[in-house]
Amino acid sequence: VKPRSFEIDDDKFWKDGEFFRIIGGDLHYFRVLPQYWEDRLVRAKALGLNTIQTYVPWNLHEPQPGKLVFEGIADLVSFLKLCHKLDILVMLRPGPYICGEWDLGGFPAWLLAIEPPLKLRSSDPAYLRLVDNWWGILLPKVAPFLYNNGGPIIMVQIENEFGSYGDDKAYLHHLVKLAQGHLGDGIILYTTDGGSRENLEKGTIRGDAVFSTVDFTTGDDPWPIFKLQKEFNAPGKSPPLSSEFYTGWLTHWGEKNAKTGADFTASALEKILSQNGSAVLYMVHGGTNFGFYNGANTGVDESDYKPDITSYDYDAPISESGDVENAKFNALRRVIELHTAASLPSVPSDNGKMGYGPIQLQKTAFLFDLLDNINPADVVESENPLSMESVGQMFGFLLYVSEYAPKDDKSVLLIPEVHDRAQVFTLCHSEDNSRRPTRVGSIDRLSSKKLGLPNAKCASNISLFVLVENQGHVNYGPYMFDKKGILSSVFLDGSILHGWKMIPIPFHNLNEVPKINLIIEAAHSRFITVSTQRELKDKSGNVSEVPAFFTGHFFIENANQIHDTFISFSGWGKGIAVVNDFNIGRYWPSYGPQCNLYVPAPILRHGENVLVILELESPSPELVIHSGDQLTRNAETLKIKSTHDAFCIWHKDGRLISKMWPHLSRSEFQRIDALINENPSDGSV
């Protein structure tokens, strides 16, 4: 039997001695439920792809030091076996830094808690020891799946776009030596860098030990960049490869959904394939940032913080929910088919969707009421606030508690540095009718850091509560190593406020279930007494602005009615949603652009299904959430219910037409009318 081989020679790829062109696509196993891995891979193959590229996020597999997770959505070995079964090759990107719009670029956040601070992405010995340990666990797991060993992996990437970050060649050489030690000398190692001379100078390792690939803006002329790529590879070792051919782009909260035209994208791919170039579509299928794993970017400075939305649809040819009946899939498939000798597999139909109608929610608990169930041993006390990572809270929320003496005049609270968003509450314990804190306001990285505290006649000290949300660690750029929480002293009327308690708020994440599960407790709080229910409903004041859990139930009568669905949060404020104990992600329709969360069918079950949301700000007055079978809603279903509502108006192609924030003015009402009139009621809006 002729031995399997995958090699580079004569500026071409050679698979088992035959010329081979990589037509691949990124598809991340950790953004797709395992039950759908095969479905998405089959669709990628129907597009004409022969290779799948995927990152390996360190933080998914080692969420706590020494706690390893390789099951469920983190079952990398099963994903590789499935690729092999489907005759799909794999380009593996094990980091240790991956970027990928993933929390902290794939680094575990506990790295940020180590003292003295680590110099990540460098030849810092303390950092390298941790990388050695991680790759010492990971790489032996994937070694049996190398192509030369009978598996699907043809290449393994070293780091990720390092030339855009630094030029520590000792670090890159260390990773190369480490990879070769675990995988052998026969595997092709590669780097990916932006297609400029500066990036390639800093990010590549010259010679034939590591193959240098490039990425660049879709629409740029690829061939001058491929010519530059050859300068950074050994003679005959530079097949032209765009290892990230962008089919779309990422989207941050508060932006329009990123879109690129189908014909434009297909034309750019044609320019590469028509001259025997290779390309990997980033993304072929984006998937979803389930749980708290979305990343973030920064702009001109650290305060210009831009968290990514829950959906990672990326405007890819295979949509977030796996749909392929769209113009971009068809246009790309036509181009790929022209440059593929064998006939392409047939295209599967889109999976069925189901709307389960309105879901009536009930307020089941205030967040502050459940804090008594927190283990006192998990509460950390300190003179000054500590970061989330320092107290072991790597994602989600941390509650900071202190107290101050009341005064006749209004007090001014100043928090110079908070990452990322803080809600401030106060509580006077001596008042008989104030068992829960009252909301004062919010502070975030972009807003004013000062907040006026209300004048309170209180016979005791006033408790100060600061609930800080980690909206996603920055995953790219010079400010990516941002700790979360309160990162400075807290000032009250110019004086430092001392004496703090830090209370971790435990929630589900994608690969972790906390010992104390507030979501489950909130879901089962529907059995609370009638008097408590009355208190939840009747208590007045700012109660609607105090974080609370809302629970709803919907029934699926027949097993054959279990399909993907979308949950619309129109009219709600900001929070997280959990379906049947699975964290489907964050919602923030008042800021947009995402108004719906995708719920894959494998999360649902025959019979009763439970939806629990933590609403941080302003619940919809009707306490209703809608489950639908599509992302968009017809214009005629939009109803202005109160000036506290915020709306997104969408075209059927997903383009954001308009976004309205509270409070809606008369001119904004007129603008809505005009937009609807401009787009006839033919179902297009």
Checklist entry - Any side-chain donor-acceptor pair under 3.5 Å between Asn160 and Tyr55? => result yes

Checklist entry - Quick one: does Val142's side chain get under 4.5 Å of Leu183's, heavy atoms only? => result yes

Item to check | Flag side-chain contact, heavy atom, 4.5 Å: Phe13 against Arg21 | outcome: no

Checklist entry - Yes or no on side chain to side chain contact (heavy atoms under 4.5 Å, CB included) for Asp39 and Val32, after CA distance, side-chain angles and deciding distance? => result CA-CA 10 Å; Asp39 176 85; Val32 181; over 6 Å; no

Checklist entry - Taking the side chain as C-beta and beyond, is there a heavy-atom pair between Val176 and His173 under 4.5 Å? => result no

Next on the checklist: With side chain to side chain contact (heavy atoms under 4.5 Å, CB included) as the criterion, how do Tyr282 and Phe245 come out once you've worked through the C-alpha distance, each side chain's angles and the decisive distance to 0.1 Å?
Outcome noted: CA-CA 5 Å; Tyr282 192 100; Phe245 174 88; over 6 Å; no

Next on the checklist: Minimum heavy-atom separation for Thr213 and Gln229, please, with both atom names.
Outcome noted: CA-NE2, 3.8 Å

Next on the checklist: Per the side chain to side chain donor-acceptor pair (under 3.5 Å) rule, what does the pair list look like for residues 130-141, sequence neighbours excluded?
Outcome noted: Asp132-His174

Next on the checklist: My understanding is that only residues two or more places apart in sequence, or in another chain, count here; which of them pass ring pair (Phe, Tyr, Trp, His ring centres under 6.0 Å) with Phe20?
Outcome noted: Phe6

Item to check | From Asp215 atom CG to Tyr246 atom OH, the distance as rounded to the nearest 0.5 Å | outcome: 3.5 Å

Checklist entry - Does Gly150 offer a backbone N or O that forms a donor-acceptor pair with the side chain of His84 under 3.5 Å? => result yes

Item to check | Glu417 CD to Arg445 CZ distance, which is reported to the nearest 0.5 Å | outcome: 8.0 Å

Item to check | Nearest heavy-atom neighbours spanning Val335 and Ala266 | outcome: CG2-O, 3.6 Å

Next on the checklist: For Lys483, is there an ion pair with Glu115 - N to carboxylate O distance below 4.0 angstrom?
Outcome noted: yes

Checklist entry - Any donor and acceptor pair, going by atom type alone, linking the side chain of Lys237 with main-chain N or O of Ile8 inside 3.5 Å? => result yes

Next on the checklist: When you compare the side chains of Tyr171 and Tyr127, does any donor N or O come within less than 3.5 Å of an acceptor on the partner?
Outcome noted: yes

Item to check | Any residue meeting side chain to side chain donor-acceptor pair (under 3.5 Å) with Asn583, in chain and number order, not counting sequence neighbours | outcome: none

Next on the checklist: If you count every heavy atom of other residues, nucleotides or ligands that lies below 6.0 Å from Asp221 atom CG, does the total exceed 12?
Outcome noted: yes

Next on the checklist: Restricting to non-hydrogen atoms, name the atom on Val474 and the atom on Thr298 that form the minimum distance, rounded to 0.1 Å.
Outcome noted: CG2-CG2, 3.8 Å

Checklist entry - So, Ser387 side chain and Leu487 main chain: donor-acceptor pair closer than 3.5 Å or not? => result no

Checklist entry - Got a sec, which pairs hit side chain to side chain donor-acceptor pair (under 3.5 Å) with one end in residues 116-125, sequence neighbours left out? => result Arg121-Glu159, Ser123-Asp168

Next on the checklist: One pair to check against side chain to side chain contact (heavy atoms under 4.5 Å, CB included): Val280 and Thr51. What are the steps and the verdict?
Outcome noted: CA-CA 8 Å; Val280 180; Thr51 305; 5.8 Å; no

Checklist outcome for this item: Separation between CD1 (Ile137) and CH2 (Trp58), nearest 0.5 Å, reads 9.5 Å

Item to check | NZ/Lys45: more than 12 non-hydrogen atoms of other groups inside 6.0 Å | outcome: yes

Item to check | Heavy-atom side-chain contact between Gln157 and Met91 under 4.5 Å | outcome: no

Item to check | Nearest atoms (heavy-atom pairs only) where Ser238 meets Phe211 | outcome: CA-CE1, 4.1 Å

Item to check | Flag side-chain contact, heavy atom, 4.5 Å: Phe292 against Glu469 | outcome: no

Next on the checklist: Assess whether a salt bridge exists between Arg206 and Glu201, defined as any Lys/Arg side-chain N lying under 4.0 Å from an Asp/Glu carboxylate O.
Outcome noted: yes

Next on the checklist: I'd like to know if Glu38 pairs up with Lys85 as an ion pair, taking the criterion as any Lys NZ or Arg NE/NH1/NH2 lying under 4.0 Å from an Asp or Glu carboxylate oxygen.
Outcome noted: yes

Checklist entry - How about Glu320 and Ser311: does a side-chain donor come under 3.5 Å of a side-chain acceptor? => result yes

Checklist entry - Judged by modelled atom types alone, do Asp16 and Tyr147 share a side-chain donor-acceptor pair under 3.5 Å? => result yes

Checklist entry - Measuring from Ile336:CD1 to His339:NE2, what's the distance to the nearest 0.5 Å? => result 9.5 Å

Item to check | Side-chain donor/acceptor of Ser243 to backbone N/O of Thr192, under 3.5 Å | outcome: no

Next on the checklist: Just checking Tyr293 against Phe30, ring centres under 6.0 Å apart?
Outcome noted: no

Checklist entry - Short question: side chain of Asn294, backbone of Thr310 - any donor-acceptor pair under 3.5 Å? => result no

Item to check | Donor-acceptor contact below 3.5 Å, side chain Ser212 vs main chain Thr191 | outcome: no

Checklist outcome for this item: Rounding to 0.5 Å, atoms OG (Ser321) and OH (Tyr36) come to a distance of 9.0 Å

Item to check | Side chain to side chain, Leu130 and Leu118, heavy atoms closer than 4.5 Å | outcome: yes

Checklist outcome for this item: When every non-hydrogen atom of Leu241 is compared with those of Met155, the smallest separation belongs to CD2-CE, 4.1 Å

Item to check | Modelled atom types, side-chain donor and acceptor of His473 and Glu389, under 3.5 Å | outcome: yes

Item to check | Pairwise distance CE(Met283) to CD(Glu244) - rounded to 0.5 angstrom | outcome: 9.0 Å

Item to check | With Asp193 via side chain to side chain donor-acceptor pair (under 3.5 Å) - residues at least two apart | outcome: none

Checklist entry - With no hydrogens and no angle check, is any side-chain donor or acceptor of Gln393 less than 3.5 Å from a backbone partner on Phe397? => result yes

Checklist entry - Going by atom types alone, do Thr260 and Lys328 pair a side-chain donor with an acceptor below 3.5 Å? => result yes

Checklist entry - Does Ile52 reach the side chain of Phe79, with side-chain heavy atoms less than 4.5 Å apart? => result yes

Checklist entry - Just by distance, do the side chain of Trp223 and the backbone of Lys271 share a donor-acceptor pair under 3.5 Å? => result yes

Next on the checklist: Are the side chains of Trp102 and Asn59 in contact, using a 4.5 Å heavy-atom criterion?
Outcome noted: yes

Checklist entry - Can you tell me if Trp37 uses its side chain to pair, donor with acceptor, with the backbone of Tyr29 under 3.5 Å? => result yes

Item to check | Within the 6.0 Å centroid threshold, strictly below: Phe582 and Phe290 | outcome: yes

Next on the checklist: For the backbone of Ala46 and the side chain of Arg333, can you confirm whether one donor and one acceptor N or O come within less than 3.5 Å of each other?
Outcome noted: yes

Checklist entry - Does the side chain to side chain contact (heavy atoms under 4.5 Å, CB included) test come out yes or no for Trp588 and Gln594, once each step is laid out? => result CA-CA 7 Å; Trp588 198 2; Gln594 185 173 0; over 6 Å; no

Checklist entry - Looking only at heavy atoms, what is the nearest atom pair of Asn475 and Cys99, with distance? => result ND2-SG, 3.5 Å

Next on the checklist: I'd like to check the ring pair (Phe, Tyr, Trp, His ring centres under 6.0 Å) partners of Phe329; sequence neighbours left out, ordered by chain and number.
Outcome noted: none

